[in-house]
Each structure stands twice: as structure tokens, then as C-alpha cells.
Amino acid sequence: MIYETLRLERRGRVGIVTLVRADALNALNERLMDELTHAVDVLEADAEIGCLILTGSGRAFAAGADIKEMAFKTYPQAYGEDFITRNWERITRTRKPVIAAVNGLALGGGCELAMMCDFILAADNARFGQPEITVGVMPGAGGTQRLARFIGKSKAMEMCLSGRMMDAAEAERCGLVSRIVPADQLLEEAIRTAEKIAGHPQPMVMLTKEAVNRAYETTLSEGVRFERRLAQSVFAFADQREGAVAFIEKRAPEYKHR
Ligand code: HXC
């Protein structure tokens, strides 16, 4: 596929996807979401890639679904083409970790896309919001559900009902983002973090991601039981032995990612 709306790069074991519709603040149109789905498929299938980064070019991560493309959509069209479900949620099914490196604006579908990633690193100029209501619609890509889980009901309700944006400091305070980084260092820091993750044994990274995600889908006792089964399974992997032996021999481990 020839990409028009994003750039796909590899830096060692890190795959970087940059949205490049900067003149439309990376608004998420059908083409972009198809390309993103394809790019994630490519990186997921690439055994040399251990971690993904999603970021935006220009002054936005993404300013939401493309309002111009949606303006005259009808319900039969939205239902018939399975709007959003068809091509927006590939990232939620990625087994490898995905870091959202949020530069500038992450609004509406852009905020939802960032929340579909495994964690968010925010530039100090990042701003988050669910302003759908200000353009006559409502969040439709998980915003009401994921934001409430991230930041709690009161703040999520206020954000979704008022359309207010929050800055990076507030987003960090309320747990929406893991860390704030100076804007000019965001990508480098995201790459450093992704390299660290991708340097860990790939099976352990995937198992750990699956276990943390289960915390949001089940009860505590079921989640702990699930974690226990995964944790017992680590002894099936060569990297477990290598990690322990390297520790005992006081040397760096040489993982085979299996
Ligand atoms: C299409 C968009 C866009 C969007 C910005 N642009 N956001 N185009 N869809 N979501 C375009 C503008 O039209 C403009 O193009 C260019 O990007 C620059 O934007 P400006 O508005 O000129 O910039 P600025 O004045 O700095 O304002 C920035 C902004 C504003 C506050 C972010 O652009 C804005 O309010 N955008 C919409 C944000 C939003 O409501 N998102 C939620 C969408 S709904 P031109 O060609 O004029 O230069 C959604 C989910 C829907 O995400 C779910 C289904 C129902």
C-alpha cells in the first residue's frame, strides 16, 4: 500500500507511524484509518519489530474524525459501512505494545485513538479533549468508556458534556498520560522508551501487556488467576532461562525473543 496520510519508519526494533495530514491537523478520514490499519498489520507481522509508536506531524496528534467527510453522512451509510468499527480499532488488537506520543492536539477521535494505545507520552504542549458535542455529535470510538476508566466519572463526564480541553499537566495529574516530556524531545524520548521495551523478551512483553489489559475487563480475583496462568507459562520460553542465567553470571542477557 502506498501511504498518503502517514509515514512508516523503522528504528531498530521500533516501528514509528507518523500521521502526516498536518494541514488538516491530522483529522482522521477513511483513507487515514485504512492506512493506519495496514501499517499496524505490517508492523505486527514483522518479527524484527518489538514496539510501536504512534505520533502526529505538525501541531496535532489528531484533531478528531474528519468533520468534512462526516458532514453529510447518513445513518444507513454509517451502519452499512460499519463506520468506526470497520477500520478504527486495529490498534486495540495489537499484541505488541503501542505508545501514543501525543504532540499538540488530541481531540475527539484523536484522543480516542491515543487512549487505544497502551500508554500515552505527552509533549508539554499537548491538549486533550472530547469536543464532539461542540460540533453536534458525541464520542463514537470509545471516548465515553475509555476516558471514564482513565480519569474517573466526574472529569470524564465534564469533558464529554462541555467539550473542554485539558492541558498536559492536568492530563498527567488525572492519570490520562504516563509522563510529560518537553515537546522538542517527545519523539526521542518515545523512541528511547520503545527501544527499552523492545529490548525485553518479546513473549514476556506480550504476556505482560495482555495481563495488564485484563485488569480492565474482569474482576480482581479472575484477573489475578489469569495473570498466574500467564506467569506460569513463562517457563516455556528460552528467554526465561537466559534472563535468570545472565543475572546469576552477572552479564547482559542475550534474548532470542522466544
Ligand atoms: C476536518 C479539520 C478538523 C477535523 C481541524 N481541521 N480539525 N478538518 N476535521 N476534525 C482543519 C480545519 O478545517 C482547517 O482546515 C485546518 O484543519 C486547521 O484548523 P483550524 O480550525 O484553522 O485551526 P485552529 O483555528 O488552530 O483550531 C484548531 C481546533 C479546530 C480548535 C482544533 O480546528 C477544531 O475545533 N477542530 C475540530 C475539533 C473537533 O471537534 N474534533 C472532534 C470531531 S468529531 P482549512 O482547510 O480550513 O485550513 C469526532 C468523533 C465523531 O472526532 C464520532 C462519530 C459521531
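Numbering of ligands and ligand atoms starts at 1, following listing order. Count residues from 1 along the sequence. Predicted model only: the values in this text are computed from it and were never measured.
- Classification of Arg164 and Glu158 as a salt-bridged pair holds, one side-chain N sitting under 4.0 Å from a carboxylate O.
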Pairwise, report which nitrogen or oxygen atoms of ligand 1 are under 3.5 angstrom from protein nitrogen or oxygen atoms, and how far apart they are.
residue, atom, partner, partner atom, Å
ligand 1, 9 (N), Ile67, N, 2.9
ligand 1, 10 (N), Ala63, O, 3.1
ligand 1, 10 (N), Ala65, O, 3.0
ligand 1, 13 (O), Lys68, NZ, 2.9
ligand 1, 15 (O), Lys68, NZ, 3.4
ligand 1, 23 (O), Arg59, NH2, 3.0
ligand 1, 26 (O), Arg59, NH1, 2.9
ligand 1, 26 (O), Arg59, NH2, 3.0
ligand 1, 41 (N), Ala63, O, 2.9
ligand 1, 46 (O), Lys68, NZ, 3.4
ligand 1, 52 (O), Ala65, N, 2.8
ligand 1, 52 (O), Gly109, N, 2.9

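- Of the possible donor and acceptor atoms, none in the side chain of Thr92 sits under 3.5 Å from a partner among the backbone N and O of Met116.
- Between Arg11 and the choices Glu48, Glu195, Glu188, the salt bridge (Lys or Arg N to Asp or Glu O under 4.0 Å) rule is met once, by Glu188.
- When each of Ile120, Val40, Leu113, Ile99 is checked for a side-chain contact (heavy atoms from CB on, under 4.5 Å) with Leu54, only Leu113 meets the rule.
- The pair Glu4-Arg31 meets the salt-bridge criterion, with a side-chain N (NZ, NE, NH1 or NH2) lying under 4.0 Å from an Asp/Glu carboxylate O.
- With sequence neighbours left out, the ring pair (Phe, Tyr, Trp, His ring centres under 6.0 Å) criterion links Tyr3 to His38.
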